[in-house]
There are 2 protein chains.
Amino acid sequence: MRVLIVEDEPNLGRQLRATLEGAGYAVDLATDGEDGHFLGSTESYDAIVLDLGLPEIDGLTVLDRWRREGKETPVLVLTARDSWSDKVAGLDAGADDYLAKPFQTEELIARLRALIRRAAGNASSELIAGDVRLDTRSGKVTLAGEPVKLTAQEYKLLSYLMHHKGKVVSRTELIEHIYDQDFDRDSNTIEVFVTRIRKKLGQDVITTIRGLGYSLDDPAR
Amino acid sequence: MRVLIVEDEPNLGRQLRATLEGAGYAVDLATDGEDGHFLGSTESYDAIVLDLGLPEIDGLTVLDRWRREGKETPVLVLTARDSWSDKVAGLDAGADDYLAKPFQTEELIARLRALIRRAAGNASSELIAGDVRLDTRSGKVTLAGEPVKLTAQEYKLLSYLMHHKGKVVSRTELIEHIYDQDFDRDSNTIEVFVTRIRKKLGQDVITTIRGLGYSLDDPAR
DNA sequence: CGAGTTCCATGCGCGTTTTGATCGTCGAGG
DNA sequence: CCTCGACGATCAAAACGCGCATGGAACTCG
């Protein structure tokens, strides 16, 4: 999962990046509204963390522009604790969730996870496809009840596919969501990890759609 | 279920009351140690939330008095994030659980519930994972029945992991919960303590999930 | 002042990730 | 129905970086 942080205060920005990377996200960081808007418009993220108090362009403006452009990416807005006006304005501009500063990082992570889950249309923290279960809260995967050990990248890949169960996901899309900005686009890494996951969870978990990408279906239904 | 909150800071006090009432508790609020002590002694509660930093009479003193009077009501103590000394002193005075400020309201509710459940009967204040037992009340740890001497940091680290048994906990999360705000993010302290705990309690108590963090599982199930 | 604890720096080993090469397979067109 | 081309799967080995161990410095406490 790839996340954009728009935060002008350098320290907080760095801290946020560290936190989210620690939680397994690929993170891009923009330090002003201009940058933030550009990245948010051109790259593809699973969620955006947006601080409202930005220099140059105001955070609300950025959010508003994204929505006008048709960007649907879920946005979590950071506000000063007492500014209710910001909150109301943010609602109008299309924010999906709020967090008042200062906040606890776990709360941020929990909210983000919920946001991404909601955007994918899932209700619980557990994603299920056939015999495979992935718990986004504890970060664990089981196959027919048995715990399976996945490496960090394997987990990220599987997680993305399960969040988009039934959809055909292109290799490019996977690369974009698993890695951050600068990554060598032509390599067969994805294939390698698909192979590895299939080895651990069974051949038929991930279906190949030739020329288009991969898809994870739920055989249960 | 009836709960007493002893908290001098008006805002936090009100917030706590609202939270707990929302969770279905009957709530009394005392704003200083004097009041708190009196209410705790004369009324009957299922649990008490006690802030240590109080004017007039110190929270610890209040707690100590209750215990001398023979009050068995479970007490959850709120401490400033970094005052481990408070924690230790609190243990001696007979606190049943701790929460460092600032905390998540969900966590408070969860802990309170656990506290009440424990006090309600059978269960003890023990966290159990395999051969390892950690008594949150006495602060003692045993391995297969044998007492093990842990240092303060080792205890904190282990305690946090045991409170989140089964979850993958990132290094960042651990650092944030064990140290106060500004702490050198790139240092291998956590690794060092993990190693030390493993030396004392056995290699397989804490599982490493490469790239993500650590996890403590209960092999019993 | 000494014992114990906490923290930091360094180097190394090993699992993970990535690369590149090769093999297998599917599908279109002859 | 066969052949060829393109795409995907697989493998092995190299590169990388994480986490571990260790020893020592700084600090805290009695």
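Every value quoted in this text rests on a predicted model; they were computed, and no experiment measured them. All chains are named by letter (A, B, ...) in the order of the sequence lines, taking the proteins before the strands, and each is independently numbered beginning at 1.
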Dump the intermediate steps for side-chain contact (heavy atoms from CB on, under 4.5 Å) on B:Val148 and B:Leu201, then the final yes or no. CA-CA 8 Å; B:Val148 178; B:Leu201 299 177; 3.9 Å; yes

Report the C-alpha distance between A:Ser44 and A:Glu173 in whole Å, list the side-chain angles of each, state the deciding distance to 0.1 Å, and finish with yes or no for side-chain hydrogen bond (donor to acceptor under 3.5 Å, both in side chains). CA-CA 8 Å; A:Ser44 53; A:Glu173 188 176 342; over 6 Å; no

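Under the salt bridge (charged side-chain N to carboxylate O under 4.0 Å, His left out) criterion, B:Glu9 pairs with no residue, sequence neighbours left out.
In this structure, the helix from C:dC1-D:dG30 to C:dG30-D:dC1 shows an angle of 30° between the axis at its start and the axis at its end, each fitted on 5 base pairs and rounded to 10°.
With A:Glu191 as reference, A:Arg171 is the one residue of A:Arg171, A:Arg198, A:Arg196 to meet the salt bridge (charged side-chain N to carboxylate O under 4.0 Å, His left out) rule.
Between B:Ser187 and the phosphate of C:dC7, there is no side-chain N or O to OP1/OP2 separation shorter than 4.0 Å. Distances shorter than 4.0 Å separate some side-chain N or O of B:Gln153 from OP1 or OP2 on C:dC7. For C:dT6, the OP1/OP2 oxygens have a side-chain nitrogen or oxygen of B:Thr151 closer than 4.0 Å. Distances shown here put every side-chain N or O of A:Thr189 at or beyond 4.0 Å from the OP1 or OP2 atom of C:dT18. Dashed line: the shortest gap from a side-chain N or O of A:Tyr179 to OP1 or OP2 of C:dT18 is under 4.0 Å.
For the residue pair A:Ser215 / A:Lys165, no side-chain donor-acceptor distance below 3.5 Å is found, with atom types taken as modelled. Of the N and O atoms on the side chains of A:Asp28 and A:Tyr45, at least one donor lies less than 3.5 Å from an acceptor on the other residue.
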In B/S/- notation (B base, S sugar-phosphate only, - none; protein heavy atoms under 4.0 Å), nucleotides 6-19 of chain D written 5' to 3' is -BSSBB-----BBS

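Residues A:Leu216 and A:Val205 have side chains in contact (heavy-atom distance under 4.5 Å, counting atoms from C-beta outward). For the pair A:Glu72 and A:Trp66, the minimum side-chain heavy-atom distance is 4.5 Å or more.
The separation between B:Phe193 atom CZ and C:dG4 atom P is 16 Å, rounded to whole Å. One interatomic measurement links the two molecules: CD1 of A:Ile175 to C1' of C:dT18, which rounds to 12 Å at whole-angstrom precision.
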